[in-house]
Amino acid sequence: MPARCILLFCLLLLATGPARPATDHSARGQLPVFLYTAAKSYEPLAWMRGEDRFPSGAAIFLKNANEERALLPDFGASADPVVSFDGKRVLFAGKTHATDAWQIWEMLLAGGAPRQITVGPEDCVRPFYLPDDRIVYACKIAGRFVIELKDAEGKPLAITYMPGSALPTGILQDGRILFSAAYPLGTGTAPEIYTVYADGSGVESYRCDHGHARYSATQGSSGDLLFASGTTLARFISARAQEQRFSVPAGEYGGDFAETGASEWLLSWRPRANATFRLMQWEQASAALQPAVIKAGVNIIQPALVIPRRMPNRHPSGLHDWANANLLCLNAYTSKYPFPAGSIHSV
């Protein structure tokens, strides 16, 4: 190739610049196409008691620059939308009739009949996509919500075992499932943020500075975790062991978050407990919220952008149905606590 052609090609690359990330939009404040849930009544922490967050029903809406419409007008109820990694499908919890139990469904955003994924007498809610055609969701079993995983063959696997309920809230970039449960694990009254691998191993709290209620956690493209903390917003960053709170209006934050750009979010907020949630735009550098969707007497929650997004890491599991197993023995006296020799009689 002549040198002049090479030079022109390089100049063209510099002029066009790198491809924009999926959450970067050309005009600041311009929102992409997104889904949200509208509900007359919404109780963000009802799942902790094994109860319905939407006692009066709910409906998913699609909003773009030209229209706003119900995504599933023929359903008795729909909620918990999450868009697939390629941006073409949506998982959701739905009821064909208002008196049915919540079940997990999937549909193409381009149109077509929804496909039912779970079947049973109990509620199944809050689904998320995982790599390798798997999904994770919460299913009500014996009065509490248990996190289950379904593989491509449709076989369910329970991956949480605790006295109380657990509700997934997102998938971390490293492949772990982010979920909320009471602290101490499944037994307390305040929600806390936990993680678990897709095979049910490695359950742990995200941080150890427990105390007030923390829920609706979502990971941003930076790797930071954004969540509701008491009556404000907070985040976990890798450099700090404790949460970092933002200077934002007091009130209640719930219904999850959607990242619309670098440090820009769609979130649900209400000024007091007896008010309805409204969808707001927020920049992390700002102490103010800007209205995005407000409907009188209706809670607007659970924003989900209709865009492609990065697929999380796959988690290889060492748990298999083997006929044999290894027994690992550790010295119980090796501890940060002193144990006199001979004091441990059995393990």
Side-chain angles (χ1 to χ4, degrees), residues 47-48 128 130-132 134 136-139 141-151 155-215 217-219 222-225 227 229 234-244 311-347:
W47 59 269
M48 294 185 68
F128 286 94
L130 289 169
D132 300 324
R134 298 176 301 168
V136 65
Y137 55 91
C139 186
I141 299 174
R144 61 187 174 89
F145 283 105
V146 174
I147 297 179
E148 289 188 345
L149 183 144
K150 263 184 181 276
D151 57 22
K155 181 180 178 181
L157 170 69
I159 59 173
T160 58
Y161 300 87
M162 62 187 72
S165 291
L167 189 79
T169 65
I171 309 300
L172 295 178
Q173 295 168 4
D174 64 13
R176 288 178 295 169
I177 297 161
L178 198 63
F179 72 94
S180 292
Y183 177 82
L185 189 60
T187 60
T189 57
E192 184 56 277
I193 300 168
Y194 298 89
T195 60
V196 60
Y197 286 107
D199 61 2
S201 65
V203 176
E204 61 182 358
S205 59
Y206 201 85
R207 288 291 194 274
C208 294
D209 58 327
H210 310 291
H212 48 267
R214 294 195 286 218
Y215 56 96
T218 300
Q219 188 176 39
S222 66
D224 295 350
L225 211 65
F227 53 91
S229 178
R235 64 175 173 170
F236 288 135
I237 61 176
S238 60
R240 298 291 183 90
Q242 296 181 327
E243 70 174 49
Q244 309 297 302
M311 184 178 291
N313 295 342
R314 292 171 173 82
H315 173 241
S317 176
L319 304 180
H320 306 285
D321 292 331
W322 289 336
N324 303 306
N326 294 324
L327 177 64
L328 303 180
C329 298
L330 302 176
N331 185 352
Y333 289 99
T334 302
S335 170
K336 68 177 182 180
Y337 303 105
F339 292 101
S343 63
I344 300 176
H345 300 289
S346 64
V347 175

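Note that the structure is predicted; figures quoted are calculated from it, not measured. The figures here come from the full heavy-atom set of this structure, side chains too, leaving out hydrogens, waters and symmetry mates.
Considering every non-hydrogen atom in both Gly318 and Asp199, the closest pair reads N-OD2, 4.3 Å. Contact record, Ala217 with Thr169: O-OG1, 3.0 Å, taken as the closest heavy-atom pair. When every heavy atom of Ser165 is checked against every heavy atom of Ala181, the shortest pair comes out as O-CB, 3.6 Å. Pairing each heavy atom of Thr218 with each of Leu178, the nearest pair is N-CD2, 4.1 Å. Heavy-atom minimum distance, Phe227 versus Leu225: CD2-O, 3.6 Å. Scanning all heavy atoms of the two residues, the minimum distance from His315 to Ser201 falls at CE1-OG, 4.3 Å.
Remark: Leu130 CG to Ile171 CD1 distance equals 4.5 Å, nearest 0.5 Å. Once rounded to the nearest 0.5 Å, the distance linking OG of Ser222 with CD of Gln173 reads 8.0 Å. Between Tyr215 atom OH and Ser229 atom OG the span is 9.5 Å, to the nearest 0.5 Å. For the atom pair OG1 (Thr160) and CG (Leu149), the distance works out to 11.0 Å, reported to the nearest 0.5 Å. Rounded to the nearest 0.5 angstrom, Asp151 CG and Asp132 CG are separated by 10.0 Å. Going from atom CD of Gln219 over to atom OG1 of Thr195 covers 11.0 Å, rounded to the nearest 0.5 Å.
Considering only heavy atoms from C-beta on, Arg214 stays 4.5 Å or farther from Pro191 through its side chain. Using a 4.5 Å heavy-atom threshold, the side chains of Trp322 and Asn324 count as separate.
Using a 4.0 Å cut-off between charged nitrogen and carboxylate oxygen, Lys155 and Glu148 do not count as a salt-bridge pair. A salt bridge is absent between Asp209 and Arg207: the closest approach of a Lys/Arg side-chain nitrogen to an acidic carboxylate oxygen does not fall below 4.0 angstrom.
Taking the six-membered ring for Trp and the full ring otherwise, Phe236 and Tyr206 have centroids separated by under 6.0 Å.
Ser180 places no side-chain N or O within 3.5 Å of a backbone atom of Leu167 that could act as its donor or acceptor partner. Counting only distance, with no hydrogens or angles, the side chain of Tyr337 and the backbone of Thr334 share no donor-acceptor pair below 3.5 Å. In this structure, Arg240 contributes its side chain and Ile237 its backbone to no donor-acceptor pair below 3.5 Å. Using modelled atom types, no side-chain atom of Glu192 and backbone atom of Ala190 make a donor-acceptor pair closer than 3.5 Å.
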Side chain to side chain contact (heavy atoms under 4.5 Å, CB included) between Glu204 and Arg176, intermediate numbers included: CA-CA 11 Å; Glu204 61 182 358; Arg176 288 178 295 169; 3.3 Å; yes
Applying side chain to side chain contact (heavy atoms under 4.5 Å, CB included) to Ile177 and Leu172, what does each step give before you reach the verdict? CA-CA 6 Å; Ile177 297 161; Leu172 295 178; over 6 Å; no
Start with the C-alpha gap between Tyr137 and Cys139, add the side-chain angles, then the distance that decides, and say whether side chain to side chain contact (heavy atoms under 4.5 Å, CB included) holds. CA-CA 7 Å; Tyr137 55 91; Cys139 186; 4.0 Å; yes
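The closest side-chain donor-acceptor pair between Glu243 and His212 falls under 3.5 angstrom.
Between Tyr194 and Phe179, the ring planes are parallel. Angles under 30° get that label, and only those over 60° would be called perpendicular.
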